[in-house]
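Working notes, beginning with the structure itself.
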Amino acid sequence: MSKIVEITVNGMKIKAKEGEFLLGILLTKGFEVPHLCYHEAVTPYASCRLCLVEVNRGNGFRIATSCNHPVMDGMEVRLDTPEILEERRNVFEVLLAQAPDSQKLRLYAKKWGVEGTFLRVQEGDCILCGLCERVCREVIGVSAITFAGRGANKILSTPYDDQNPSCIGCGSCARVCPTESIKVIDTGLVREIPKIHSKHELVPCRICGRGTLTKQHAQWLAKRTNFPETDFYICEKCKTKETAKVYARVIQ
Amino acid sequence: MKVEGLNTNIKLLNVYPYRCTACRNCEIACSFRHIKNGMPSPSRINAISDEQKRQGKNIIVVCMQCDKAACVKACPVNALQRNESTGAIVHIESRCIGCGSCVQACPFGNMKWDFVSSRPVKCDLCGGDPMCAKFCPEKALVYE
């Protein structure tokens, strides 16, 4: 059981568990802090640099990323100082220059009052925040995608830029992506995730024939839940109808 | 009946299928409550009318908030947690990674997939005030 400590945020006293990360506490207490690479379910990585706050641990205020800053006793936090707003604006402009094709990122920046950038605009829609990679490695546990290259050549990819056989085609990487850079395209019984060179076949629903999930995902799920793999090859709409049929028999 | 680990003082969403006329008010009330939209398709509750038009054979399918829930077992990030005051299993949006495991794991088809937000949706008993029960004209859904 970790110790409960008290911190001050914008002059307000807040109780928190020692060692928890600051951003999670700020968000649960209703403070608004911009963030892109943070997700509750994975370890913080502090790559988007948007969650900047001013932190005083007894030796003066300094700027730090709140997503990976542990809570300490008597810590003081300031959120919207002019320095923070200036830094945040710069970070947003860098991100907008890095990923100008992302509609979601542009809208998010606009929400925080940043439009356009002073930097030379590049191509692409990925900000290399690594959220997809962390979800794939830590939560799903298959490590199908990772970063390749260094510096300006760093990209998100799979080994040899080819389909990774360990990818289960669950699509979690796409659904956590803060810039919608990774997309899942389901056409009929084929699921394609072009960014990570993944192409899977969806198993058809045993009643209506629509695509449900990939075979590898069903195997992963079967291992997790100890249900037989064939239990998952039915779509949720058909499951509802089957349940209704069972109920109708029961109330006869 | 005393069930271990279950708070017996909590209210339950009871379904009386013989009263149901499959008017689908519950679906629309659910959609309005959760997504502020009158479309019945993303609702968490399903009223299924009897195809053979027999009396009293309309069925309401809604999440039963199982004790040993398959969705909770399938979730890899613990995004489905039980609310102690209402007894409902609540989907915590900020923890969810959208893998869709819970949707496939639920054996009753009560986990729905929202194609707009690419996240699962489920009945959370509206935090202790279910709109479906409020808007059911036949009292086929009663929160008691």
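Letters A, B, ... mirror the listed sequences (proteins, then strands); counts begin at 1.
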Residues in side chain to side chain contact (heavy atoms under 4.5 Å, CB included) with A:Lys110, at least two apart? A:Glu115
Heavy-atom pairs under 4.5 Å with chain A: which of B:Val61, B:Ile92, B:Asn46, B:Asn110 has the most? B:Val61
Given a strict heavy-atom distance threshold of 4.5 Å, which part of B:Cys75 is in contact with chain A: side chain, backbone, both, or neither? backbone
Say whether, by atom type as modelled, one donor and one acceptor occur between the side chain of B:Arg95 and the main chain of A:His39 under 3.5 angstrom. no
Specify which of B:Ser117, B:Cys106, B:Ala70, B:Gly100 makes the most heavy-atom pairs with chain A at under 4.5 Å. B:Cys106
For the NZ atom on A:Lys237, are there more than 12 heavy atoms of other groups (residues, nucleotides or ligands in this structure) within a distance under 6.0 Å? no
Is any side-chain heavy atom of A:Arg175 less than 4.5 Å from a side-chain heavy atom of B:Arg119? yes
With chain A, the option among B:Ala105, B:Pro107, B:Cys99 that has the most non-hydrogen atom pairs under 4.5 Å is B:Cys99
Closer than 3.5 angstrom, by distance alone: can the side chain of A:Lys239 be matched with the main-chain N or O of B:Phe108 as a donor-acceptor pair? no
Take A:His217 and B:Ser101 through the test side-chain hydrogen bond (donor to acceptor under 3.5 Å, both in side chains) and record every step on the way to the result. CA-CA 8 Å; A:His217 190 185; B:Ser101 301; 3.2 Å; yes
Please confirm whether the backbone N or O of A:Leu213 pairs with a side-chain atom of B:Gln104, one donor and one acceptor, at under 3.5 Å? no
For A:Glu18, look at atom CD and say whether over 12 heavy atoms of other residues, nucleotides or ligands are found less than 6.0 Å away. yes
Given side chains that start at C-beta, do those of B:Ser94 and A:Tyr38 come closer than 4.5 Å, heavy atoms only? no
Which answer fits B:Ile97, side chain, backbone, both or neither, if we ask what part of it has an atom under 4.5 Å from a heavy atom of chain A? both
A:Ile140 versus chain B, heavy atoms under 4.5 Å apart: side chain, backbone, both or neither? side chain
Can you see which heavy atom on B:Met111 is nearest to which on A:Glu236, and at what distance? O-CB, 3.8 Å
What part of A:Val135 gets closer than 4.5 Å to chain B, counting heavy atoms only: side chain, backbone, both or neither? side chain
Sort A:Phe232 into side chain, backbone, both or neither according to what part of it lies under 4.5 angstrom from a heavy atom of chain B. both
Does NZ in A:Lys104 sit with more than 12 non-hydrogen atoms of other residues, nucleotides or ligands closer than 6.0 Å? yes
